[in-house]
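Accompanying notes for the structure given below.
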Amino acid sequence: MGKIRGSAAETVSPAGDGFEEAPQTPPTETLSISQRAMRRGADRYLEALNPEQREAVETLDGPLLVLAGAGTGKTRVLTTRIAHLLRLGRAHPGQILAVTFTNKAAREMKQRVSELIGGAVEGMPWLGTFHAIGVKILRRHAELVDLKPSFTVLDTDDQIRLIKQLLAAENIDEKRWPARVLASMIDGWKNRGLRSERVPDGESYGFANGKGRDLYAAYQRRLKDLNAVDFGDLLLENLRLFQDHPDVLARYQQRFRYMLVDEYQDTNVAQYLWLRLLAQREDGEPQNVCCVGDDDQSIYGWRGAEVDNILRFETDFPGAKVIRLERNYRSTAHILGAASGLIAHNQGRLGKTLHTEGDDGEKVVVQGCWDDEEEARVIGEDIEQLQRHEHALNEIAILVRASFQMRAFEDRFITLGLDYRVIGGPRFYERQEIRDAIAYLDVTLNPSNDLKFERIVNVPRRGLGEATLKSLHQLARANEIPLTQAARLIVETEELKPKPRRALAGLLADFDRWRSMVDTMRHTELAELILDESGYTGMWQADRSQQAEGRLENLKELIRFMEEFDTLAGFMEHVSLVMDAATEEGTDRVNLMTLHSAKGLEFDTVFLPGWDEGLLPHQRSLDEAGRSGLEEERRLAHVGLTRARKNAKITFAQNRRNYGMWQTAVPSRFIDELPHEHVQVAEDDGLRGYGPSRFDSEDMFASGNYETPGWQRARANRQRSGGAPRREPITIEGTLVAASTAEGAGLELGQRVFHQKFGYGRVSAIDGNKLTVDFEKAGRKKVVDSFVERV
DNA sequence: TAAGCTGAAATTTTT
DNA sequence: TTTCAGCTTA
């Protein structure tokens with residue numbers, strides 16, 4: 001994982017080592033002896049802040065919005081503020097509510113607070129993600145919302161499986177109305193704080209001709225039956241709890257004397273409502289709520305985040321103070337200038353002007369490429385160049401808009417032997433083997449968890465297929481009992497054939513045995529035993545596919561992770577909410593990730609490939625959300641640029657393969673929105689022109705309309721290597737040893753081919769690497785083999 | 001039950 | 001083009 005760095009002004013020593021007396025503190029008599037003793041540590045941490053940061057830390061009463069631009073020390077303000085509250089004795093750790101979006105952010109905040117206050121205060125119980133805090137509150141009052149305190153939190157897989165069952169029960173064609181579509185609709189409604197009865201008609205009609213709302217309601221009923229909630233419910237049920245039980249709400253309002261919210265621009269409606277309920281005090285006490293965010297970094301609108309929440313803050317919280325952090329400690333003036341100039345094109349923003357006192361640095365480089373392969377090649381070469389100048393690979397990142405872009409880079413880096421790591425992707429907990437393992441553990445503890453039982457009943461294969469499961473379901477539904485119980489009954493009957501019957505009985509006996517060991521055996525050992533005896537480990541050991549080894553490794557990692565908990569139940573409680581991908585650090589590698597997952601990170605050098613119209617901004621964003629979509633894409637571009645400390649390079653490709661079809665791409669409009677004074681257009685150094693580019697000009701540029709600006713640029717930058725796409729020229733340490741020939745490319749007379757300019761056609765003559773092709777639309781043309789693809 | 005086939009879809013991702 | 005899910009066939 002790329003390191004999250006603090007701002008450049010990271011010079012604070014852990015508080016507690018200073019001797020200065022605090023300049024302004026509350027009356028000493030209100031503090032305990034230990035607090036007074038702690039206070040001798042003084043306010044050195046405040047002196048390390050700039051005036052705006054300091055104001056944000058010291059404005060303790062009333063609503064406060066801190067607009068913290070990229071690299072302006074946002075996390076430091078939040079953590080210092082918490083430390084300050086504690087140091088002044090304004091609140092006990094248990095009276096501060098601090099919410100983040102990710103576990104990572106929560107962990108980091110804990111870490112930094114405890115560094116600031118010298119580790120003297122035990123962990124803050126109410127510092128965590130919205131969801132983690134939501135679970136905590138919900139467990140305490142579960143009965144008030146028709147749940148048992150032991151409720152389980154469903155993951156996405158379980159959700160889908162459950163919805164599939166509902167659709168089947170309603171005889172809804174899953175092809176036309178896929179379960180995942182309904183799942184994401186329900187998710188969207190929950191993000192907006194909507195319970196089924198309040199789903200608007202129009203939206204209800206969006207699924208299965210008006211069954212949307214009813215299915216949502218049925219889904220919720222099933223959840224209650226299962227004593228389960230999904231992620232969205234964690235907040236929604238909190239809202240219900242607070243709304244229906246004002247006394248409970250009042251207790252939390254009084255408890256949380258100070259509230260802090262990180263990444264406020266990412267909050268959705270439900271989270272916003274939740275915060276408002278907690279902050280809205282009727283007893284006349286001030287609403288000490290401090291939200292920190294940056295409207296220019298709001299990039300999660302598509303999953304329910306409402307930029308409006310941050311834009312509306314002053315209306316929502318009358319008398320709110322707004323403090324802008326605009327002093328950037330991260331990037332050079334050129335990078336900042338480019339980013340600021342770009343984001344200034346957005347309309348709906350509160351407006352900030354980032355500035356730095358640092359060097360101008362290098363201008364942002366822009367370079368056009370022929371296609372994505374060349375893009376990868378150019379960037380690969382740049383990286384090798386940087387490497388020769390001892391630039392750490394860890395400090396280089398390639399930020400792409402969509403993950404399919406990564407492939408070209410991975411291919412290239414593998415050929416170059418350049419170490420890289422991919423950040424993001426499927427998270428640890430989401431991996432199949434991890435979910436399977438957890439399902440085994442879950443059923444061991446909780447035999448009535450039907451969804452988990454179904455998941456693993458035939459993994460590894462035990463001959464318990466569709467037919468068996470169907471009988472089980474029938475019996476379970478008829479008697480309203482969990483599947484495992486139905487299984488117990490059914491093995492006593494003649495209903496199943498001997499084979500499945502024996503298999504099922506065996507599995508039940510296994511679970512019983514494992515369950516009997518829960519209290520006596522160490523939970524990590526038990527987990528290993530279960531995975532072993534169930535045949536699950538064996539299944540992957542027998543699997544000779546490439547990924548099998550990694551999966552076994554992940555299972556071991558899971559056991560290691562369990563060590564951090566005392567009991568199996570304790571582990572299960574947290575596993576769905578608090579398990580991140582374990583990213584190795586340590587080795588020096590180039591970082592490859594999406595723009596989304598780059599938020600919050602920073603690197604010396606950042607490459608931003610794929611600034612093509614349609615990719616960034618993404619076409620789908622434009623289609624679905626119009627101007628606000630465009631603005632979110634622009635913010636994404638802005639996030640990308642502001643990740644760079646020293647160097648940023650933007651590239652675009654003139655040809656991109658979209659689902660197999662070559663398409664001519666146009667440079668992103670964002671490129672032309674960058675201020676000229678901060679940008680340098682890369683010149684072709686002529687060194688890269690190997691391969692067919694030496695001799696294909698006569699064909700490529702002799703005829704036809706090649707005078708468009710795009711083609712002119714393409715010509716200026718032409719560095720195409722030999723070989724049809726996906727077929728690298730054979731090189732030994734960069735020396736071309738075998739250029740493509742028509743024969744080598746497997747072309748023969750009559751072969752149907754595709755050309756990005758002329759379309760489809762058939763080869764009518766071959767002369768070395770030059771082909772004569774009869775194109776279906778463009779007629780007979782002479783082209784170089786490397787410009788066509790076999791189809 | 002399991003491999004092979006066919007057709008549709010194809011951003012971004014956290015909890 | 002690739003991937004993946006669901007369906008068909010051995």
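A note on names: the letters A, B, ... follow the listed sequences, proteins ahead of strands, and every chain is numbered from 1. Since this is a predicted model, take the numbers as computed values, not measurements.
Residues passing the ring-ring contact (aromatic ring centres under 6.0 Å, His included) test with A:Trp611, sequence neighbours excluded: none. The side chain to side chain contact (heavy atoms under 4.5 Å, CB included) search around A:Ala228 returns A:Thr152, A:Leu154, A:Leu223, A:Leu226, not counting sequence neighbours. Applying the side-chain hydrogen bond (donor to acceptor under 3.5 Å, both in side chains) criterion to A:Arg195, with sequence neighbours excluded, gives no partner residue. For the side chain to side chain contact (heavy atoms under 4.5 Å, CB included) test, residues two or more places apart in sequence or in another chain that qualify with A:Glu433 are A:Arg431, A:Tyr536, A:Trp540, A:Arg551, A:Asn554, A:Leu555.
A:Thr594 has a side-chain polar atom (N or O) that falls below the 4.0 Å cut-off from OP1 or OP2 of B:dT13. The phosphate of B:dT1 (OP1 or OP2) has no side-chain N or O of A:Arg461 nearer than 4.0 angstrom. Taking only side-chain nitrogens and oxygens, A:Asn658 never comes nearer than 4.0 Å to OP1 or OP2 of C:dT1. Between A:Ser597 and B:dT12, a side-chain N or O to OP1/OP2 separation shorter than 4.0 Å is absent.
Among the heavy atoms of the strands lying under 4.0 Å from A:Glu624 is at least one base atom, whether or not backbone atoms are also near. Note on A:Gly463: only backbone sugar-phosphate atoms sit closer than 4.0 angstrom, heavy atoms only; bases stay farther off. Contacts of A:Ser621 with the nucleic acid, taken as non-hydrogen atoms under 4.0 Å apart, include base atoms.
A heavy-atom distance below 4.5 Å is not found between the side chains of A:Cys291 and A:Ile310.
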Distances for protein N or O near nucleotides 5-10 of chain B N or O, under 3.5 Å:
none

Can you give me the N/O atom pairs linking the protein to nucleotides 6-9 of chain C at distances under 3.5 Å, or say none if there are none?
| residue | atom | partner | partner atom | Å |
| --- | --- | --- | --- | --- |
| C:dG6 | OP1 | A:Lys164 | NZ | 3.3 |

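At whole-Å resolution of the value, NE2 in A:His131 and P in B:dT15 are 8 Å apart. B:dT15 atom C1' lies 10 Å from atom CG of A:Asp187, rounded to whole Å. Following rounding to the nearest Å, A:Trp302 (CH2) and B:dT14 (C1') show an atom-to-atom distance of 8 Å. Distance A:Asn103 CG to B:dT14 C1': 9 Å, rounded to the nearest Å. Across the protein-nucleic acid pair, A:Ile133 atom CD1 and B:dT14 atom C1' stand 15 Å apart, rounded to whole Å. One can place CZ of A:Phe404 at 8 Å from P of B:dT11, the figure rounded to the nearest angstrom. Taking atom CZ of residue A:Arg180 and atom P of nucleotide B:dT11, one finds them 12 Å apart after rounding to whole Å. Look at CG on A:Asn458: it is 7 Å from P on B:dA2, rounded to the nearest Å.
Rounded to a whole angstrom, the distance from the C1' atom of B:dT12 to that of C:dA5 is 23 Å.
At least one cation-pi condition fails for A:Arg412 and A:Phe409: the charged atom is not both under 6.0 angstrom from the six-membered ring centre and inside a 45 degree cone around its axis.
Under the 6.0 Å cut-off for aromatic ring centres, A:Tyr252 and A:His141 qualify, their centroids lying closer than that. The six-membered or imidazole ring of A:Trp302 lies away from that of A:His618, with a centre-to-centre distance of 6.0 Å or more. Checked against the 6.0 Å centroid threshold, A:His638 and A:Phe670 do not count as a close aromatic pair.
Between A:Asp155 and A:Lys452 a salt bridge is recorded (basic side-chain N to carboxylate O distance below 4.0 Å). The pair A:Glu633-A:Arg401 meets the salt-bridge criterion, with a side-chain N (NZ, NE, NH1 or NH2) lying under 4.0 Å from an Asp/Glu carboxylate O.
Remark on DNA chain B: of its neighbouring residues A:His618 and A:Thr156, the 5'-side contact belongs to A:His618, judged by nearest-heavy-atom nucleotide. The residue among A:Leu464 and A:Leu595 whose nearest nucleotide of DNA chain B lies closer to the 5′ end is A:Leu464.
When each of B:dT15, C:dT3, B:dT13 is scored by its nearest atom to the side-chain atoms of A:Arg407, the top-ranked nucleotide is C:dT3. In this structure, the nucleotide among B:dT11, B:dT15, B:dT13 sitting nearest to the side chain of A:Glu633 is B:dT11.
Side-chain to base pairing of A:Arg401 with B:dT12: one donor and one acceptor N or O lie within less than 3.5 Å of each other.
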